[in-house]
Amino acid sequence: MSELLLWHHATVVVCHSKSRNIQQLVSNADILVVAIGKANFVKGDWIKPGAVVIDCGINVLQDPTAPNGRRLVGDVEFKEASRRAAWITPVPGGVGPMTVAMLMQNTAEAASRSQQLLQQPSWKLQALKLTLQRPVPSDIEAARSQTPKNIAELAAEVGIRPDEIEPYGWSKGKVSLQTYDRLKDRPNGKYIVVSGITPTPLGEGKSTTTVGLAQAFGAHLHKPIFACVRQPSQGPTFGIKGGAAGGGYSQVIPMEDFNLHLTGDIHAITAANNLLAAAIDARILHEGTQTDAALFRRLVPAKGAVREFVPIQLRRLQRLGISKTNPEELTNDEVKRFVRLDIDPLTISWNRVLDTNDQFLREITIGKSVQQEKGIPERQTQFDITVSSEIMAVLALATSLADMREKFGKMVVARSKDGQHLITADDIGVTGALTVLMKDAIRPNLMQTLEGTPVFVHAGPFANIAHGNSSIVADLIALKLVGSEGFVVTEAGFGSDIGMEKFCDIKCRYSGLVADAVVLVATVRALKMHGGGPAVQAGTPLPKEYVEEHVDLVRKGFCNLGKHIENASRFGLPVVVAINRFHTDTEEEINVIRGMALESGAFDAIVCTHWADGGLGAVNLANAVIRATEAPSQFRFLYDLELSLAEKMRKIARDIYGATDISFTPDAQDQLDRLAAAGFGRLPICMAKTHLSFSHDASVKGVARDFVLPIRQVWVSAGAGFVCALVGTITKMPGLPTRPAFFDIDIDPDTQLIQGLF
């Protein structure tokens, strides 16, 4: 109390029971605080008239008139003092309740301050300085030129608490979904999606632009920023395209970790997917070789003298309309319905997966030994690449662990032989096990760019054969971490016709998020190809047309960029064209692109040199994005979910691809009718189509015209929540080229440094 009064500029005299002239000192006090521990020590006539008296003493006196023979008094003679004092605290009932009230007030104020700290952005990012070299070295050399921050340090800089980050080594870590729960009331930042034009087989630097833009925002404009990108599949890494960490001085680092395994999410998906595939075939085997009673006995084994259903079996009973929960009460007919999934092998849509390009697994025969041993027929099936698995799609579209488990349970894997029932993962009994295998994978991976800005790397569905976007949970957490003054840049695979359309019509539907702008990446090289230039082939030198000035090819090829601008505008989003400049591009070629882009409705068109200059080379792009997002978002979906499945496919084909119509093979039409009858008609559409053309024919460049889009297969990804349409000849298992990238990849046994990785 003495210190508090001093803090408020009072003159304070501290006395004790042996102080001299204590009565005189007390009589001069305007505020008297007594805590001496002696009953009625301060007499009433000591009190200065009008003084404030705070009596903290509590003393017990014997009092025969009191009910218990005792009474409590303070250190001040209350009756007499109250006649002179302006205010006095009684005993009991004075300081005690006041102390409790003050403690409650202090607790409430502390909680309020703590809540404010939790809600306010805590952005203390320390950028890393780049040392640029000329000529620009290889991607792996550029990546190794920087020493990354410890991942725990980066997490603290961007407002992730120590209990919300689990480091995997020192350069990457898993972020808890509780981060979003803590920040859910904080306003979101601006939401930017990066797309591109129809690329050459070499790619046009969309990932590089995503990273460079993030570096520009964070390291140069000092804005809160997160980049959200997909984890690359090792199929392209060891095949032909390479990784997806960016390139030059705009990369995610360490790029070896980024491109190889990371934290094991894709391996977890492979394990979960193949567990379900094994469970399907095992169920066919056991149903084909056992009686109803034997199946029931093994599916619901007795533990001691008690037989009980587990929760996933109770859910199956509910779907069958059986309300009984005691296994002993089921009738023979109910037992049969419970144990017999009666899977039609010809309708199994769930394939095994592998995260390696292998064209020899596109069509295989399984079950030869089981046929010989048990008489169960072998069947034709195939392997898909892991990133096309519905498990991956669910990971990318789930909003929580519980949501992921629910989506897993809904995944349709086959139909019954009578055609009356769709068989789900929950029917197989594997939902909980899948969730256990994926419990760590649902947490986003935190990494950093070459300039120390944060990156979430999470989920990796291909855009041509899946929905092609990183996870919803990563975007949700990032938008809260950056707060209302920040930006989240997320990448959609390939062009506006592929990843961006699915970002808008699938990802944004399920996340509830609204994009604020599109960055559309274009290159002189790709426009020359679309303008009639020679074929571009990976692994071979570029023809001279691509390294010399050819303005006419650029003009002719601009139609491709123009169509992508038109596509993005259909979603109500402002388009900023990022012209990813190569050293062979000329000023006139660049000026043609910029001028035609503005004429075609782009908000702006900016020349970028982030590959060579890091974030500094994308500062103008970042400023253009800031300007583009100043107006409220006018985002809208391309189609209404109430349209039929066929009409939604037709809307995409006509408006986004430029087709005149769509066609279905007889099998595809039958599949479409069955899905509509089964209640899946209101789901959005995920088109599986080549990314190398607006049409189904990869050889058609520029803008495809006067074509009918052929759909040869339709199936439902009920867990992920969309209907897939397989267009043309596209396959879900890529192959290896004549000269794969793995020829160049090795490791130095002494330094343990990886060599040849891009």
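Residue indices begin at 1 and follow the sequence shown. These numbers come from the heavy atoms of this one structure, side chains and all, not from hydrogens, waters or symmetry mates.
Partners of E566 under the salt bridge (charged side-chain N to carboxylate O under 4.0 Å, His left out) rule, at least two apart in sequence or in another chain, are K563, R570. Applying the salt bridge (charged side-chain N to carboxylate O under 4.0 Å, His left out) rule to D139 yields no partners; only residues at least two apart in sequence or on another chain are considered. Every residue two or more places apart in sequence or in another chain was checked for a side-chain hydrogen bond (donor to acceptor under 3.5 Å, both in side chains) with Q371, and none qualifies. Considering only residues two or more places apart in sequence or on other chains, E378 meets the side-chain hydrogen bond (donor to acceptor under 3.5 Å, both in side chains) condition with K368. By the salt bridge (charged side-chain N to carboxylate O under 4.0 Å, His left out) test, R415 pairs with no residue at all, sequence neighbours left out.
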I'd like a table of donor-acceptor pairs (distance under 3.5 Å, sequence neighbours excluded) in which one partner is a side-chain atom from residues 519-533, with atom names and distances.
unit_1, atom_1, unit_2, atom_2, d
T523, OG1, E204, OE1, 2.6
T523, OG1, A526, N, 3.0
R525, NE, E204, OE1, 3.4
R525, NH2, G203, O, 2.5
R525, NH2, E204, OE1, 3.3
K528, NZ, E545, O, 3.0
K528, NZ, E548, O, 2.5
K528, NZ, E589, OE2, 2.9
H530, ND1, G702, N, 2.8
H530, NE2, T198, O, 2.8

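Closest approach of G409 to T431, counting heavy atoms only: CA-OG1, 3.3 Å.
No side-chain donor from either of T237 and Q234 sits under 3.5 Å from a side-chain acceptor of the other. Donor-acceptor pairing under 3.5 Å is recorded for the side chains of S171 and D257. Side chain to side chain, D355 and S233 meet the donor-acceptor criterion of an N or O pair below 3.5 Å. No donor-acceptor contact under 3.5 angstrom links the side chains of T356 and D358, judged on distance only. When only modelled atom types and interatomic distance are considered, D667 and Q669 share no side-chain donor-acceptor pair under 3.5 Å. N567 and D497 form no side-chain donor-acceptor contact under 3.5 Å, judged by distance and modelled atom types alone. Looking only at atom types and distance, the side chain of E491 has no donor-acceptor partner in the side chain of T210 under 3.5 Å away. No donor-acceptor contact under 3.5 angstrom links the side chains of S496 and S195, judged on distance only.
The main-chain N or O of Q713 is never found under 3.5 Å from a side-chain atom of Q671 such that the two would form a donor-acceptor pair. Judged by distance alone, the side chain of R230 and the main-chain N or O of A459 form no donor-acceptor pair under 3.5 Å. The backbone N or O of V353 lies less than 3.5 Å from a partner atom in the side chain of N274, making a donor-acceptor pair. At distances below 3.5 Å, at least one donor-acceptor pair connects side-chain atoms of K507 with backbone N or O atoms of S470. Between the side chain of N259 and the backbone N or O of M255, at least one donor-acceptor pair lies under 3.5 Å. A donor-acceptor contact shorter than 3.5 Å is absent between the side chain of K701 and the backbone of N560. With hydrogens and angles disregarded, no donor-acceptor distance shorter than 3.5 Å links the side chain of R379 to the backbone of G367. Under the 3.5 Å distance criterion, the side-chain polar atoms of N445 are matched with a main-chain donor or acceptor of V457. At distances below 3.5 Å, at least one donor-acceptor pair connects side-chain atoms of T665 with backbone N or O atoms of R712. Of the possible polar contacts, one joining the R509 side chain to the D505 backbone as a donor-acceptor pair under 3.5 Å is found.
Atom CG of D661 and atom CG of D706 lie 12.5 Å apart (nearest 0.5 Å). Atom CD1 in I662 sits 4.5 Å away from atom CD1 in I711 (nearest 0.5 Å). Atoms CD1 and CG, from I266 and N273 in turn, are 12.5 Å apart once rounded to the nearest 0.5 Å. Atoms CG and NZ, on L361 and K732 in that order, are 14.0 Å from each other to the nearest 0.5 Å. Put simply, NE2 on H261 and OH on Y168 are 14.5 Å apart, with the number rounded to the nearest 0.5 Å. Of the inter-residue distances, the one linking C724 atom SG with M649 atom CE reads 9.0 Å to the nearest 0.5 angstrom.
At least one side-chain heavy atom of F664 sits less than 4.5 Å from a side-chain heavy atom of L672. Residues W350 and D384 form no side-chain contact, since every pair of their non-hydrogen atoms from C-beta on lies 4.5 Å or further apart. Residues V394 and M438 fail the side-chain proximity criterion, which asks for heavy atoms closer than 4.5 Å. Between I472 and D475 the shortest side-chain heavy-atom distance does not fall below 4.5 Å.
Of the charged side-chain nitrogens involved, none lies within less than 4.0 Å of a carboxylate oxygen, so that E390 and K407 do not count as a salt-bridged pair. Taking 4.0 Å as the cut-off between side-chain N and carboxylate O, D265 and R443 do not count as a salt-bridged pair.
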Problem - Derivation of the ring pair (Phe, Tyr, Trp, His ring centres under 6.0 Å) call for H467 and Y510 - result: CA-CA 13 Å; H467 79 281; Y510 286 117; 9.3 Å; no
Problem - Audit row: I442, L395, side chain to side chain contact (heavy atoms under 4.5 Å, CB included) steps and yes/no - result: CA-CA 6 Å; I442 195 173; L395 172 67; 4.1 Å; yes
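Classification of the H696-F707 ring pair by plane angle, with boundaries at 30° and 60°, yields tilted.
Within 6.0 Å of the NZ atom in K174, the count of heavy atoms belonging to other residues, nucleotides or ligands exceeds 12.
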